[in-house]
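Remarks on the structure that follows.
Each ligand, and each atom within it, is numbered from 1 in the order the structure gives. Just so you know, residue 1 is the first one in the sequence shown, and it goes up from there.
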Amino acid sequence: MRLVLLGPPGAGKGTHAQVLSKDLNAVHVSTGDMLRESLRAATPLGLKAKTYMEKGELVPDEVVIAMVAERLSKPDAAKGFILDGFPRTADQAKSLDKTLEALKMPLDSVLYFKTSLEVIVARLSGRRVCSKCGKTFHIRNFRPKVEGICDACGSALVQRPDDREETIKNRLEVYEKQTAPLIEYYQKQNNLEEVPGDLEVDPLQAFLKDLFIQKGTAKR
Ligand code: AMP
């Protein structure tokens, strides 16, 4: 299964991509995670991305486009992938079309997580991420077993610098201006499937599972 998860920051793309990637046996490709990893490792790419990410701006297209093209051409992506946080601009979407055409791996679907502003702000401000493995939690909706500690690897949970209130506003403006137009782009390609992003984790997970069972691609 080859999917794009589209929607504003805080829509739940990352959380559901993690689950879907297991259920559908597809690799989870999150550009945000890849960039944060480069930042942690202080690679030239990470250092270039840092200033943009801190301000909630988009990292330049050429940087992310090359990063995703390289990732999708690795052998494991041939079994299927879930793109989370990419594409985010019209140029990224066009280049993705070209990359997938060249790899003969067309998209099956674009899931648009339609989410209200109120829910987005509540989710982003309460989100906590593992400082080591990047797994995502929420102080109210998706709590770790032990407060402040990652269930998966036992490391400390932290707030992402760009989840602070002053940066959230900018990220949402950037989304409206640069990413929201992709809804129409994929609608025109007849590829868009709307999902109710306001739902809590469990009901939305059940909704997605049903959707893919209908498509005949997930286990019950
Ligand atoms: P995310 O984890 O998807 O919310 O991404 C965190 C930050 O990484 C964004 O605010 C951008 O600065 C950067 N980023 C992630 N994906 C992209 C992308 N496709 N294009 C440009 N910048 C990106």
Not counting sequence neighbours, which residues clear salt bridge (charged side-chain N to carboxylate O under 4.0 Å, His left out) with Asp151? List them please.
-> none
For residues 186-193, dump all side-chain donor-acceptor pairs below 3.5 Å to protein atoms at least two apart in sequence or in another chain.
from	atom 1	to	atom 2	distance (Å)
Lys188	NZ	Glu184	OE2	3.2
Gln189	NE2	Asp97	OD2	3.0
Glu193	OE1	Lys215	NZ	3.1

Is it the case that more than 12 heavy atoms not belonging to Lys177 sit under 6.0 Å from its NZ atom?
-> no
Roughly how far, to the nearest 0.5 Å, is CG of Leu124 from CD of Glu165?
-> 10.5 Å
Do other residues, nucleotides or ligands put more than 12 heavy atoms under 6.0 Å from Arg143 CZ?
-> no
Of all residues at least two apart in sequence or in a different chain, which pass the side chain to side chain contact (heavy atoms under 4.5 Å, CB included) check with Glu57?
-> Tyr52, Lys55, Asn170, Val174
Kindly print each ligand 1 N/O atom paired with any protein N/O atom under 3.5 angstrom away, one pair per line, or none if nothing qualifies.
from	atom 1	to	atom 2	distance (Å)
ligand 1	2 (O)	Arg36	NH1	3.0
ligand 1	2 (O)	Arg36	NH2	3.0
ligand 1	2 (O)	Arg160	NH1	3.2
ligand 1	2 (O)	Arg160	NH2	3.3
ligand 1	3 (O)	Arg88	NH1	3.0
ligand 1	3 (O)	Arg88	NH2	3.2
ligand 1	4 (O)	Arg88	NH2	3.3
ligand 1	4 (O)	Arg160	NH2	3.1
ligand 1	4 (O)	Arg171	NH2	3.3
ligand 1	12 (O)	Glu57	O	2.6
ligand 1	16 (N)	Thr31	OG1	2.8
ligand 1	16 (N)	Gly85	O	3.4
ligand 1	16 (N)	Arg88	NH1	3.0
ligand 1	19 (N)	Gly85	O	2.9
ligand 1	19 (N)	Gln92	OE1	3.0
ligand 1	20 (N)	Gln92	NE2	2.9
ligand 1	22 (N)	Val59	N	3.0

